[in-house]
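The block underneath contains the structure these notes are about, expressed in structure tokens.
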2 protein chains.
Amino acid sequence: MVTPKSIPQYKRLYEILRKHISDGVYMEGDLLPSENELCKLYGMTRPTVRQSLSTLANEGYIKKRQGKGSIVNHFPREIGILSVSGTTSAVGDRKLKTKIIAKPVLMQWPADFMFTLTDLEKESGCIYMERVRFLDDVPIFYDISYIANINLPRITARQFENRSLFQILRDYYRIEIKGGDQRIKAIPATAKISRYLHLKREQPVLHLERKMETNNPDLFLYSSIFCNTEKYSIFGRF
Amino acid sequence: MVTPKSIPQYKRLYEILRKHISDGVYMEGDLLPSENELCKLYGMTRPTVRQSLSTLANEGYIKKRQGKGSIVNHFPREIGILSVSGTTSAVGDRKLKTKIIAKPVLMQWPADFMFTLTDLEKESGCIYMERVRFLDDVPIFYDISYIANINLPRITARQFENRSLFQILRDYYRIEIKGGDQRIKAIPATAKISRYLHLKREQPVLHLERKMETNNPDLFLYSSIFCNTEKYSIFGRF
DNA sequence: TAATTTAACTTGTATTTACAAGTAAACTAT
DNA sequence: ATAGTTTACTTGTAAATACAAGTTAAATTA
């Protein structure tokens, strides 16, 4: 049988379980239904179910134990694709705000760009924007984003306030982030950074340089992120 | 047929390909042999080969493209389980040195430990040590490690100079790191940190707090790592 | 010659089947 | 009562098979 919307079965189950974990249907430490139970519940075979579970395990949502089952992990809140763990209890969705510092404009790539670019990217020019993101009305991230201008009509005209860049790329252009790599440094705040993040000059900030891969093999997203880590930490699994 | 050393076939192929990539047999951008070719070469079926490849892909060694093949990624050098990308050309193995600041001792866990501990861990006490790691004779990492004293006889007597902690755990106790999570912050260097990393006081350093999971479900490794990121960056995939 | 189609690759998804190995609770013999 | 064994679960590994879908280059056609 063919699935109606041509979305793979293993991905369907993955999304369902992922949502259940985020929503708290399964709590930290709980056991997921066994693989055979999931087979019966969703009418799949075990290899298919296992594919869903191994994706969840790779992303850190669950931990598998032979002879026991799939155990749900705690998982911190995500902002964009950055995970943040606060010293305060929980980070609620509604406490999150985004402010545009520099509206998206089409321009040439900087001469000394942080990653090496393909010829196609160089020719296309880049869409540039700057944003600050707030948690509990405290500025936490100062993001500078660069996107190659490849198949993104009218993007500079979109409304970016209070909507994630990733959300716009997904909704209007069917672009999804598949992965990427990043470099992390600790640097002293420059005048600009300290102004946007409400910090004293020379105070340590986290600097992330990331290159993100998408489902379009020619299109990459780049960002340079400056992060105030006084109250919150960047959280990651490896 | 049963493999002689009871190591799974997919893991065998994974190790072979991983080594070939690290050794430069396959260079960045190269295509790996196709799945069907690997089947014939190593006498496995495609699901088994695919399991090896998907592990490699998850760890960032390769990138898979439907219709094309498995493309080898660049991959930075690893120190312990930290990846480092230098501003200078390449980081050679022989330029790496470790110095013990505080020899491993058995003691009580600190009162305000950075992660929550199980009862078993609390009862067992912890093995504590401090090390500084050098790259090109420049101190880069100041590591403080904590290990629960669970099934690790005579560990405080081992020679840790110029040998990785992970290597000793693997060779003598069959303990392997399976994954873990970490928190990352930028902090100003304290007197102690600046002394060990040859930095001025208050200069930004990267602070990593990590909890590592092992093949023994009761045993975790903890470390607090302070990192000089002036010349090198911490590198990661996501 | 140039554009199009086809064919021969590649990886992606999915089923079915079988047995190995780890875990935990129920059971049994001491 | 307790120590050891069995049993009924769980996930782990592996094979054989089939077709879908993306990519590329050769073959065909205009």
Side-chain angles (χ1 to χ4, degrees), chain A residues 1-15 17 26 29-58 61-73 174 176 178 213-219, chain B residues 1-15 17 26 29-58 61-73 174 176 178 213-219:
Chain A
M1 193 191 288
V2 183
T3 24
K5 295 181 107 180
S6 83
I7 165 174
Q9 293 191 60
Y10 82 89
K11 212 160 194 171
R12 231 172 27 95
L13 178 56
Y14 159 80
E15 295 289 359
L17 294 175
Y26 300 115
D30 284 359
L31 284 176
L32 247 50
S34 82
E35 296 181 352
N36 283 318
E37 282 178 306
L38 289 170
C39 292
K40 283 173 207 157
L41 278 168
Y42 295 95
M44 306 169 180
T45 56
R46 196 147 86 91
T48 308
V49 167
R50 280 178 66 78
Q51 199 171 348
S52 310
L53 294 181
S54 83
T55 308
L56 286 169
N58 277 323
Y61 287 97
I62 60 168
K63 198 186 310 179
K64 307 191 82 190
R65 277 282 189 75
Q66 187 173 0
K68 198 168 184 188
S70 302
I71 305 153
V72 175
N73 266 347
R174 315 253 156 181
E176 282 183 61
K178 290 291 181 185
E213 296 150 10
T214 68
N215 49 352
N216 176 343
D218 291 324
L219 183 66
Chain B
M1 193 191 287
V2 183
T3 22
K5 294 181 113 181
S6 83
I7 166 174
Q9 293 191 59
Y10 82 90
K11 211 161 195 173
R12 228 170 32 92
L13 178 55
Y14 160 80
E15 295 289 1
L17 294 174
Y26 299 115
D30 285 359
L31 283 176
L32 248 50
S34 81
E35 296 181 353
N36 284 318
E37 282 178 305
L38 289 170
C39 291
K40 284 172 206 155
L41 278 168
Y42 295 96
M44 305 169 180
T45 56
R46 197 148 87 90
T48 308
V49 167
R50 281 178 65 76
Q51 199 172 348
S52 309
L53 294 180
S54 83
T55 309
L56 286 169
N58 277 323
Y61 287 98
I62 61 169
K63 198 185 310 178
K64 306 190 81 188
R65 278 283 190 75
Q66 186 173 2
K68 197 168 184 189
S70 301
I71 306 153
V72 175
N73 266 347
R174 314 254 156 179
E176 282 182 60
K178 291 291 181 186
E213 296 150 9
T214 68
N215 50 352
N216 176 343
D218 292 324
L219 184 67

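Chain letters run A, B, ... following the sequence lines, proteins first and then strands; every chain starts at 1. What you are looking at is a predicted structure, and each value in this text was computed from that prediction instead of being measured.
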Check your understanding: Under 3.5 Å, side chain of A/E37 to main-chain N/O of A/S34, donor-acceptor pair present?
Key ->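 Confirmed, A/E37 side chain pairs with A/S34 backbone.
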
Check your understanding: Within the distance-only criterion (no hydrogens, no angle test), does the side chain of A/D30 pair as donor or acceptor with the backbone N or O of A/V72 below 3.5 angstrom?
Key ->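 Side chain of A/D30 to backbone of A/V72, a donor-acceptor pair under 3.5 Å: no, none is there.
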
Check your understanding: What's the closest nucleotide to the A/Y10 side chain, out of C/dA14, D/dA21, C/dA21?
Key ->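 Of C/dA14, D/dA21, C/dA21, C/dA14 is nearest to the side chain of A/Y10.
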
Please determine if a side-chain N or O atom of [X] lies less than 4.0 Å away from the OP1 or OP2 oxygen of [N].
X: A/Q66; N: C/dT23; answer: no
X: B/S34; N: C/dT10; answer: yes
X: A/R65; N: D/dT10; answer: no
X: A/T48; N: C/dT15; answer: yes

Please state how far atom [atom1] in [X] lies from atom [atom2] in [N], giving the value in whole angstrom units.
X: B/Y14; N: D/dA14; atom1: OH; atom2: P; answer: 15 Å
X: B/K178; N: D/dT11; atom1: NZ; atom2: P; answer: 17 Å
X: A/N215; N: C/dG12; atom1: CG; atom2: P; answer: 14 Å
X: A/K11; N: C/dA14; atom1: NZ; atom2: P; answer: 11 Å
X: B/N216; N: C/dG22; atom1: CG; atom2: C1'; answer: 14 Å
X: A/K64; N: C/dG22; atom1: NZ; atom2: P; answer: 16 Å
X: A/R50; N: C/dA20; atom1: CZ; atom2: P; answer: 17 Å
X: B/K68; N: C/dA8; atom1: NZ; atom2: P; answer: 22 Å

Review point. DNA chain C in dot-bracket, Watson-Crick or G-U pairs under 3.5 Å, [ ] crossing, | other strand?
Key: ||||||||||||||||||||||||||||||

Practice item. Kindly indicate whether the side chain of A/Y26, heavy atoms from C-beta on, has any atom under 4.5 Å from the side chain of A/L32. Key: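 Yes, their side chains come closer than 4.5 Å.
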
Exercise for review: Of all the heavy-atom pairs spanning A/N216 and A/T214, show the shortest one and how long it is.
Suggested key: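 Distance-wise, the nearest heavy atoms are O-OG1, 2.9 Å.
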
**Study point:** Residue pair B/K63 / B/N73: nearest heavy atoms and the distance that separates them
**Key:**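 Where B/K63 meets B/N73 most closely, the heavy atoms are CE-OD1, 3.3 Å.
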
Check your understanding: Which ones in residues 35-47 of chain B lie close to DNA chain D, meaning a heavy atom under 4.0 Å from one of its atoms?
Key ->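 Output list: B/T45, B/R46, B/P47.
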
Under 3.5 Å donor-acceptor pairs involving side-chain atoms of residues 50-57 of chain A, not counting sequence neighbours:
{"unit_1": "A/R50", "atom_1": "NH1", "unit_2": "A/E35", "atom_2": "OE1", "d": "3.4"}
{"unit_1": "A/R50", "atom_1": "NH1", "unit_2": "A/E35", "atom_2": "OE2", "d": "3.0"}
{"unit_1": "A/S52", "atom_1": "OG", "unit_2": "A/Y10", "atom_2": "O", "d": "2.7"}
{"unit_1": "A/S52", "atom_1": "OG", "unit_2": "A/T48", "atom_2": "O", "d": "3.4"}
{"unit_1": "A/S54", "atom_1": "OG", "unit_2": "A/Q51", "atom_2": "O", "d": "3.3"}
{"unit_1": "A/T55", "atom_1": "OG1", "unit_2": "A/Q51", "atom_2": "O", "d": "2.8"}

Check your understanding: Under 3.5 Å, is there an N or O donor on one side and an acceptor on the other linking the side chain of A/Q9 and the base of C/dA14?
Key ->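 For A/Q9, whose side chain was compared with the base of C/dA14, there is no donor-acceptor pair (under 3.5 Å).
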
